[in-house]
Amino acid sequence: MDVHEYRTARWTRLVERARELGCEEEQAESVVEEVLAAQRRRIARAEDPDPLVHAALEQRLAPPVPPRRPLPPAARRAVVGVAGGLVVALLATAVVVWLRPEPPEQVRLPSLFGLDADDAEQVLERAGLSSDVTRRPACEPDGLVLDTEPAAGRSVPAGTRVEVLAALTQETTSCAARLVARREAWRFVGFARGGPAPPFARTVTLVVDGSAPSTLSGEAAGDPERWAGLLDLLVAAGADGPPRLGVEVAPAPPRTCGLSRPASITTRPALRLVAGTIPGRTSCPLTLDLYRSSTGIDSVVAYTGR
């Protein structure tokens with residue numbers, strides 16, 4: 001199995017397991033990284049790496065066994081006598097324990113924000129979950145995931161069947177007018193998740209939370225690593241719950257999330273994306289204003305709710 005895919009799908013559960021085994025919270029992630037690094041070759045060869053990784057994690061965090069001291073003869077005779085009396089009770093207990101089923105492993109339902117139904121099924125399968133896809137008419141790109149039951153972010157038993165609700169694009173006049181903007185907005189979300197880059201102008205101006213404007217070349221803008229974590233925040237804003245994205249094409253208001261619109265930005269219409277709130281920040285949702293010229297996106301103004 002691909003090591004990177006396994007790490008992505010099982011990271012949260014492995015960190016939780018490390019904590020259950022007594023690892024300090026601030027050390028759990030580094031311990032998991034150490035175990036994954038040591039087991040990389042075995043993971044790559046295994047169809048299901050979970051048993052070997054969990055065993056390695058338990059061995060890594062097992063408490064040291066103190067050296068045994070030999071018992072004096074009198075104590076050994078006492079132990080033998082007591083042991084004989086305990087054998088029957090231990091056997092009975094062992095039968096009960098053997099018959100008691102182990103609780104199923106818990107899996108955190110991954111985010112399907114910005115994915116279509118085909119990609120969603122693959123993500124769920126890699127997480128150890130199955131899926132059923134139902135399509136519903138919606139003014140969204142065809143196949144886009146609209147909702148899941150259970151919702152993303154919840155812990156569920158491994159093997160749970162997830163109900164995935166996907167869009168069946170409406171062929172109506174009113175929808176056609178909105179669908180162009182919504183497709184472009186979801187394309188930018190897909191770019192944030194590692195998909196193809198949207199068209200960018202030769203130079204892209206970036207303003208985040210009222211900071212001084214920075215610029216990227218059009219080529220650099222197509223590299224997610226050059227966005228200083230902003231794309232990661234967009235993915236995080238849609239990580240839990242139903243995948244929601246507000247989309248509007250209009251001049252940006254003078255103030256958003258308590259911050260003024262940058263003076264360098266004119267009142268020309270923007271494609272505004274409003275995602276969810278980012279954990280640990282204010283209640284103001286992540287908002288991106290994309291300004292476009294004939295050649296592509298030339299300015300992005302972001303309000304992260306910092």
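Sequence positions, counted from 1, serve as the residue numbers for this chain.
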Distance, nearest 0.5 Å, that separates CD of Glu121 from CG of Asp132: 8.5 Å
Of all heavy-atom pairs between Ala117 and Arg135, which one has the smallest distance, and what is that distance? CB-NH2, 4.5 Å
Interatomic distance, CG@Leu144 vs CZ@Arg183, rounded to 0.5 Å, equals 11.0 Å
Any side-chain to backbone donor/acceptor pair from Thr169 onto Asp142? Under 3.5 Å, distance only. yes
Sidechain N-carboxylate O distance under 4.0 Å for Glu16, Arg19: no
Do Leu290 and Phe191 sit in the same hydrophobic cluster, where Ile, Leu, Val, Met, Phe, Trp and Tyr count as joined when their side-chain heavy atoms come under 4.5 Å apart? yes
Can you find a heavy atom in the side chain of Leu271 that is under 4.5 Å from one in the side chain of Phe188? no
Less than 4.5 Å apart, any side-chain heavy atom of Asp119 and any of Asp116? yes
Transitively linked via ILVMFWY side-chain contacts under 4.5 Å: Val180 with Leu288? no
Pair Thr295-Arg202, side chain to side chain contact (heavy atoms under 4.5 Å, CB included): steps then yes or no: CA-CA 8 Å; Thr295 57; Arg202 179 174 296 181; over 6 Å; no
My understanding is that only residues two or more places apart in sequence, or in another chain, count here; which of them pass disulfide (SG to SG under 2.5 Å) with Cys284? Cys257
Mind listing the closest non-hydrogen atom pair of Ala197 and Arg187 along with its distance? O-NH2, 3.3 Å
Spacing of CG belonging to Asp147 relative to CZ belonging to Arg136, to within rounding of 0.5 Å: 7.5 Å
Residues, nucleotides or ligands: over 12 heavy atoms within 6.0 Å of Glu26 CD: yes
Any residue meeting side chain to side chain donor-acceptor pair (under 3.5 Å) with Thr215, in chain and number order, not counting sequence neighbours: none
Other members of the hydrophobic cluster containing Leu146, with the 4.5 Å side-chain heavy-atom rule, please. Leu165
Distance in Å, Cys23 SG paired with Arg17 CZ, rounded so as to fall on 0.5 Å steps: 12.0 Å
Residue pairs passing the ring-ring contact (aromatic ring centres under 6.0 Å, His included) test where at least one lies in residues 110-136, sequence neighbours excluded: Phe113-Trp186
Please list all pairs passing the salt bridge (Lys or Arg N to Asp or Glu O under 4.0 Å) test where one or both residues lie in residues 251-278, with sequence neighbours left out. Arg268-Asp298, Arg272-Asp289
Closest heavy-atom pair, Arg40 versus Ala37, reported as atoms and distance to 0.1 Å, is CG-O, 3.3 Å
Mind running side chain to side chain contact (heavy atoms under 4.5 Å, CB included) on Leu230 and Leu234 for me, showing each step along the way? CA-CA 7 Å; Leu230 179 60; Leu234 177 56; over 6 Å; no
If you compare all heavy atoms of Arg161 against all heavy atoms of Ser131, which two are closest, and at what distance to 0.1 Å? NH1-O, 3.4 Å
Can you tell if the side chain of Gln106 reaches within under 4.5 Å of the side chain of Pro157, non-hydrogen atoms only? yes
Contact summary for Ala237 and Ala275, nearest pair of heavy atoms: CB-CB, 3.9 Å
Tell me if a side-chain donor or acceptor on Arg108 pairs with a main-chain N or O of Ala127 at a distance below 3.5 Å. no
Going through the checks in order, is the side chain to side chain contact (heavy atoms under 4.5 Å, CB included) test met by His54 and Leu14? CA-CA 8 Å; His54 278 263; Leu14 291 173; 3.9 Å; yes
Same cluster or not: are Val15 and Leu36 linked, directly or through other Ile, Leu, Val, Met, Phe, Trp or Tyr residues, by side-chain heavy atoms under 4.5 angstrom apart? yes
Quick one: does Ser111's side chain have a donor or acceptor within less than 3.5 Å of a partner on Val235's backbone? no
Neighbour count above 12 (heavy atom, 6.0 Å) for Glu125 CD: no
Taking side-chain hydrogen bond (donor to acceptor under 3.5 Å, both in side chains) as the cut-off, I'd like each qualifying pair that reaches into residues 203-213, sequence neighbours left out, listed once. Asp209-Thr304
Do Leu245 and Leu179 share a hydrophobic cluster, counting only Ile, Leu, Val, Met, Phe, Trp and Tyr and linking them when any side-chain heavy atoms are less than 4.5 Å apart? no
Residues that, via side-chain heavy atoms closer than 4.5 angstrom, fall in one hydrophobic cluster with Tyr303: Val207, Leu259, Ile265, Tyr291, Val301
Would you list the pairs meeting disulfide (SG to SG under 2.5 Å) in which at least one residue belongs to residues 171-228, sequence neighbours left out? Cys139-Cys175
To the nearest 0.5 Å, what is the distance between CG on Asp232 and CD1 on Ile278? 10.5 Å
What do you reckon, is CD of Glu20 surrounded by more than 12 foreign heavy atoms closer than 6.0 Å? yes
Co-members of Leu129 in a cluster of I, L, V, M, F, W and Y side chains, linked at under 4.5 Å: Val107, Leu109, Leu112, Leu115, Val123, Leu124, Val133, Val145, Val156, Val162, Val164
Give the cluster check for Leu231 versus Ile297: same hydrophobic cluster or not, with ILVMFWY residues linked at side-chain heavy-atom distances below 4.5 Å. yes
Among residues two or more places apart or on two chains, list those pairs meeting disulfide (SG to SG under 2.5 Å) that have a residue in residues 209-241. none
Just jot down the side chain to side chain donor-acceptor pair (under 3.5 Å) partners of Arg226, sequence neighbours excluded, or say none. none
Who passes side chain to side chain donor-acceptor pair (under 3.5 Å) against Arg292, sequence neighbours left out? Glu184
Nearest heavy-atom pair of Ala167 and Glu140: which atoms, and what distance? CB-CB, 3.9 Å
